[in-house]
Structures are given as C-alpha cells and as structure tokens.
A.B. asks: 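Have a look at this one before I ask anything.
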Number of protein chains: 2
Amino acid sequence: MIQAHAVRLFTERGYDATTVTDVAEAAGVSPMTVYRHFPTKEDLVLIDQHGQLVAECIAATPAAQPLVRRIGSALIDSATALTSGRHGNDLTADGRFLLARLRLMISTPALRAKHLDNHYALQQAIVTAIEDDATDPETTFHAQAAASACLAVLHTALTRWAEDDGRAELPDLIAKALAAAFGDDIVDTRRDSGRPQPAGSPTRLAGADPGDPRCVR
Amino acid sequence: MIQAHAVRLFTERGYDATTVTDVAEAAGVSPMTVYRHFPTKEDLVLIDQHGQLVAECIAATPAAQPLVRRIGSALIDSATALTSGRHGNDLTADGRFLLARLRLMISTPALRAKHLDNHYALQQAIVTAIEDDATDPETTFHAQAAASACLAVLHTALTRWAEDDGRAELPDLIAKALAAAFGDDIVDTRRDSGRPQPAGSPTRLAGADPGDPRCVR
DNA sequence: ACCAAGACGATAGTAACTACCAGTGCGGTA
DNA sequence: TACCGCACTGGTAGTTACTATCGTCTTGGT
C-alpha cells in the first residue's frame with residue numbers, strides 16, 4: 001500500500017522531488033511507519049523478489065553445460081515466471097507495477113546505482129549456487145566473470161523492456177541480449193515448451209533464424 | 001591533497017564512520033571547501049579518469065572484429081595504460097593509491113553502487129563510440145548487451161586484482177576474465193607488443209589467431 | 001476480561017548536502 | 001600607490017534521509 005503510493009508519487013513528481021514525508025502523508029501513516037517497513041527510501045522501489053527466484057532456477061538447471069548458458073537459462077526462466085500471466089497484449093496490474101518501478105530504477109541515478117549493487121549481491125548468490133563445494137579460486141573467478149556478464153546482459157534486456165513499455169516478451173529480450181553478447185549458439189533453444197506464444201510476437205531467435213541479420217559483432 | 005586524507009581516513013576508520021567534517025579537519029580546510037572540490041562524499045573516492053581513456057581506446061581499435069573482442073581489447077589497453085610503470089613487483093605510489101580506492105569501492109556498498117553506476121555511464125559512452133552513426137535500435141541493443149557484459153567482466157577482474165593486492169598484472173586478469181565469460185577465442189592476442197612481460201606471468205591465453213574468422217562470436 | 005506482543009507515533013538528534021552571503025589574497029590597470 | 005575584478009575560501013542556516021528512544025495503542029490468545 002505504502003509502496004504503491006510511493007511509486008505513484010515518484011513517477012508523478014520525480015524521485016528526488018518527493019520526500020518520505022510526502023509518501024507517508026499520501027499513505028495516511030507517519031514517516032516512522034514508512035521507515036519501519038522500508039529501511040531506506042530506495043527500498044520503496046527496489047524490493048527484490050528476484051533474488052531467490054534466480055537462485056532456485058539455477059539449482060533446477062542441469063550442471064553439464066557451459067556456465068553462461070546455464071546462468072542464462074536460469075535468468076530466462078525466472079523472467080518467465082515473473083512476467084507470466086498477461087491478457088492478450090496487456091500486462092497485468094502486477095506487470096504494470098513492475099514496469100513502473102523498473103522505469104524509476106533506470107531513470108533515477110540513485111535507484112539505478114542501488115539496483116546494480118543488488119545485482120552484485122545476486123551475482124554472489126549465483127556463484128555459490130553453482131559451486132556448492134569447490135573452493136578453487138580459479139573456478140570461482142570463472143564463475144564470477146560469467147555471472148557478472150550474464151547479469152549485466154539481463155539489465156540491458158530489462159532496460160530495453162522498459163523502453164518498449166513491456167510490449168515485447170521479456171524472456172525473448174533476455175535471450176536476444178544473451179545471444180548478442182555471447183553468440184547465437186549459447187542460448188538454450190529448448191525452452192519453448194512452456195507458455196504458448198502469442199501470435200505476432202517477436203521471432204524466436206536462437207539457432208537457425210534466417211531473418212537474423214547476423215550482424216557484425 | 002584532500003582526497004589523499006580522505007582515502008586514508010576511510011581506510012583507517014571505515015567510510016561510514018568518517019564524516020566529511022573529519023576529512024576537512026584532517027586536510028586543514030573547511031567542510032565547504034571539501035564540497036566545493038568533491039560534490040559528494042563518494043566522489044572523494046570515485047573520481048573517474050577511466051572514462052575518456054576507454055572511449056579513446058575504443059576509437060583506436062579496428063572496427064572489423066566482433067564487438068566483444070573490440071571492447072575487450074580497449075579495456076585491456078586502458079588498464080595497461082592505467083597501471084603502467086611499476087618497479088619490479090611493487091606498484092608505484094599512484095598504483096597503491098588506485099588500489100586503496102579500489103578496495104574501498106568494493107567493500108563499501110554505497111561506493112560500490114555508485115561505481116557500478118559510473119560503469120553504466122561508461123557503457124553509454126562505449127556504445128556511442130562504437131556506432132558513431134547508426135541509429136538502428138537492434139544494432140544499439142546489440143552494442144548495449146556486449147558493452148554491459150564486458151564492463152561487468154572488467155569489474156570482476158578489478159575485484160580480483162584488489163583481492164590479490166595488485167600483485168597480478170591487471171591486463172592479464174582482464175584477459176582471463178574475458179576468456180572465462182566469452183570463450184578463449186575472444187581475447188585479442190596481438191597486444192603483447194607493448195610492455196615486456198615479467199617472467200613467470202600467467203600464460204597468454206587465447207590460442208593463436210587464425211585470421212579472425214569474422215564473427216560467430 | 002486480561003495480558004503479552006507487536007505495530008504505530010512523537011521527539012530529538014546526526015550527517016550529507018544546498019543556498020546565500022561575506023571575507024581574503026592576487027594580478028592587472030590607471 | 002590606489003583601485004578593481006576574480007577566484008578561492010569560510011560561515012550560517014536550512015532541508016532531508018535516517019536513527020534511537022520511549023510511550024501508546026491495538027490485537028490475539030487464554
């Protein structure tokens with residue numbers, strides 16, 4: 001409730017121009033209560049249900065494949081879970097709320113910075129999920145590099161999704177961005193099994209897609 | 001001068017436990033003067049001479065190669081320029097200062113967040129440096145994904161370098177991290193020309209360079 | 001009806017900034 | 001030498017995010 005008012009006010013007046021007191025008044029509570037539920041002003045936008053989701057998806061992914069492909073699949077799967085349920089081309093209320101928060105995150109420096117740092121924490125979670133035993137520093141370094149790269153690509157896809165007002169399918173954008181960074185052969189093509197594809201949605205890249213310009217890269 | 005005192009105090013007492021007033025007193029100036037030279041407390045650690053450096057290195061890189069390799073080369077080159085000049089195994093004073101700032105950046109959440117956001121700005125600079133003309137959104141998306149991934153890998157390498165107390169060669173670490181994320185064949189092998197290689201340094205990965213087979217990563 | 005526990009609120013305080021105005025040293029010009 | 005503009009510095013007061021502490025109130029279980 002508090003959060004909804006906060007996101008609305010931030011969107012209307014801007015993040016910096018809105019004080020926590022404003023949010024409290026709009027929500028009909030005292031500033032103290034706001035701070036009790038959301039330790040920082042940034043948390044009014046940035047609550048992160050994404051964290052465990054990705055870690056679980058990692059665990060559910062077969063280990064015998066390249067690191068980047070494994071992490072990429074987990075990211076796509078979690079994004080599918082996050083944005084599932086839309087009516088035709090319209091997002092659900094949840095989806096619209098997510099989009100509004102995402103736009104704030106991208107356009108407001110303070111929020112963007114903290115969000116990127118949250119990704120950094122998520123990176124650590126991914127790395128420990130991948131190597132539940134090994135303590136070889138070289139292996140860890142490997143996993144850190146792969147995970148950080150994948151998360152950066154995820155952020156690029158999220159940005160694009162927000163710019164596109166959520167019209168495109170987020171999992172598709174992530175797959176596309178992964179392919180752009182790591183090569184077309186890195187994206188898992190077997191994921192089509194899940195949710196049926198709305199007609200007219202962007203092409204299902206990966207593998208052989210004759211229309212793909214294959215661009216310079 | 002102010003900055004040197006700041007980094008020392010932050011390292012000794014911790015970033016959060018040191019106030020700007022403390023820094024001002026240590027430097028023998030008023031808090032006002034500190035704010036005049038460094039708009040925010042974070043800027044006492046995070047001044048970024050890296051920005052233009054990377055953009056210049058991008059411009060100096062041949063365009064006819066995969067994006068990731070091109071950006072990776074630029075990052076390696078700029079790192080070489082940044083850490084050049086060491087006496088035997090010891091860093092110069094500049095190098096030690098850089099390392100101290102890096103350690104603060106990595107261990108302090110607020111600094112880490114802002115640094116990652118600076119990378120985000122750097123990413124935009126790289127993208128515009130790459131496509132000085134094209135406005136095709138797909139191409140831009142491509143470049144965004146590649147640049148963000150490369151910068152994330154750079155951060156991983158920087159972290160490792162700091163953990164290693166700057167003993168390893170930073171350009172080598174970056175090359176290694178790039179290879180870990182994108183595959184051994186992505187790292188440019190022709191960069192050996194510059195500074196002579198200390199004996200016993202890690203192997204110069206990336207097997208040969210068979211004529212640069214134009215993309216497919 | 002009573003009691004313990006958690007939720008809420010008010011007050012006061014710290015620290016990072018910002019806006020505004022005043023003093024100080026310094027080179028160039030008459 | 002006297003004067004003027006200019007850059008640098010400093011002081012004061014205010015805003016805002018956030019914390020600590022304490023008192024109040026509501027709620028659920030017996």
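A, B, ... follow the sequence lines: proteins, then strands. Residue 1 opens every chain.
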A.B. asks: Would you say that A/T140 contacts A/Q144 through its side chain, given a criterion of any heavy-atom pair below 4.5 Å between the two side chains?
C.D. replies: yes
A.B. asks: For B/K41 and C/dA15, give me the distance from atom NZ to atom P, rounded to whole Å.
C.D. replies: 9 Å
A.B. asks: Of all residues at least two apart in sequence or in a different chain, which pass the side-chain hydrogen bond (donor to acceptor under 3.5 Å, both in side chains) check with A/E163?
C.D. replies: none
A.B. asks: Apply side-chain hydrogen bond (donor to acceptor under 3.5 Å, both in side chains) to B/E42 and list each qualifying residue two or more places apart in sequence or on a separate chain.
C.D. replies: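 Per chain and number, B/E42 pairs via side-chain hydrogen bond (donor to acceptor under 3.5 Å, both in side chains) with B/K114.
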A.B. asks: I'd like the 5' and 3' limits of the part of DNA chain D contacted by chain A, with heavy-atom contacts below 4.0 Å.
C.D. replies: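 Using the under 4.0 Å cut-off, the span is D/dT16 to D/dA20.
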A.B. asks: C/dT18 C1' sits how many Å from B/Y35 OH, rounded?
C.D. replies: 10 Å
A.B. asks: For B/A147, what residues pass the side chain to side chain contact (heavy atoms under 4.5 Å, CB included) criterion, not counting sequence neighbours?
C.D. replies: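 By the side chain to side chain contact (heavy atoms under 4.5 Å, CB included) rule, B/A147 matches B/I71, B/Q123, B/I126, B/V127.
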A.B. asks: Run the salt bridge (charged side-chain N to carboxylate O under 4.0 Å, His left out) test against B/E138 and tell me which residues pass, sequence neighbours left out.
C.D. replies: A/R160, A/K176
A.B. asks: My understanding is that only residues two or more places apart in sequence, or in another chain, count here; which of them pass side-chain hydrogen bond (donor to acceptor under 3.5 Å, both in side chains) with A/R13?
C.D. replies: A/D22
A.B. asks: For DNA chain C, what residues of residues 13-21 of chain A have any heavy atom nearer than 4.0 Å?
C.D. replies: none
A.B. asks: Using the C1' atoms of five pairs at each end, what's the angle between the two axes of the helix from C/dA1-D/dT30 to C/dA30-D/dT1, to 10 degrees?
C.D. replies: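 End-to-end axis angle: 10°.
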A.B. asks: Measuring from B/L44:CG to B/I2:CD1, what's the distance to the nearest 0.5 Å?
C.D. replies: 8.0 Å
A.B. asks: List every contact pair, protein side and nucleotides 9-14 of chain C side both N or O, where the distance is under 3.5 Å.
C.D. replies:
from, atom 1, to, atom 2, distance (Å)
C/dG9, OP2, A/S30, N, 3.1
C/dG9, OP2, A/S30, OG, 3.1
C/dG9, OP2, A/T33, OG1, 2.1
C/dG9, N7, A/R36, NH2, 2.6

A.B. asks: Can you tell me if B/R8 and B/H5 form a side-chain donor-acceptor pair at under 3.5 Å?
C.D. replies: yes
A.B. asks: Please list all pairs meeting ring pair (Phe, Tyr, Trp, His ring centres under 6.0 Å) that have one or both residues in residues 18-46 of chain A, counting only residues at least two apart or in different chains.
C.D. replies: none
A.B. asks: Starting at atom CG of B/D43, determine the distance to atom P of C/dT18, rounded to an integer number of angstrom.
C.D. replies: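 Interatomic distance, CG of B/D43 to P of C/dT18: 10 Å.
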A.B. asks: List the residues meeting side-chain hydrogen bond (donor to acceptor under 3.5 Å, both in side chains) with B/N118, not counting sequence neighbours, and say none if there are none.
C.D. replies: none
A.B. asks: Which distance, rounded to the nearest 0.5 Å, do you find between the CG of A/D164 and the CD of A/E169?
C.D. replies: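 Answer for the CG-CD pair, A/D164 versus A/E169, is 11.0 Å.
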A.B. asks: What is the minimum heavy-atom distance between B/A157 and A/F141, and which atoms define it?
C.D. replies: CA-CE1, 4.2 Å
A.B. asks: Listed in order of residue number, which residues of residues 103-121 of chain A have a non-hydrogen atom at under 4.0 Å from DNA chain C?
C.D. replies: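 Residues of residues 103-121 of chain A that come under 4.0 Å of DNA chain C do not exist, since none gets that close.
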A.B. asks: Does A/R103 pair with A/D165 as a salt bridge, N-O distance under 4.0 Å?
C.D. replies: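 Here A/R103 pairs with A/D165 in a salt bridge, since their nearest N and O are under 4.0 Å apart.
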A.B. asks: Checking the side chain of A/W161 only, and the main-chain atoms of A/A168 only, is there a donor and an acceptor separated by less than 3.5 Å?
C.D. replies: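 Side chain of A/W161 to backbone of A/A168: a pair is present.
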A.B. asks: Just how far is it from atom CG of A/L178 to atom CZ of A/R69, taken to the nearest 0.5 Å?
C.D. replies: 11.0 Å
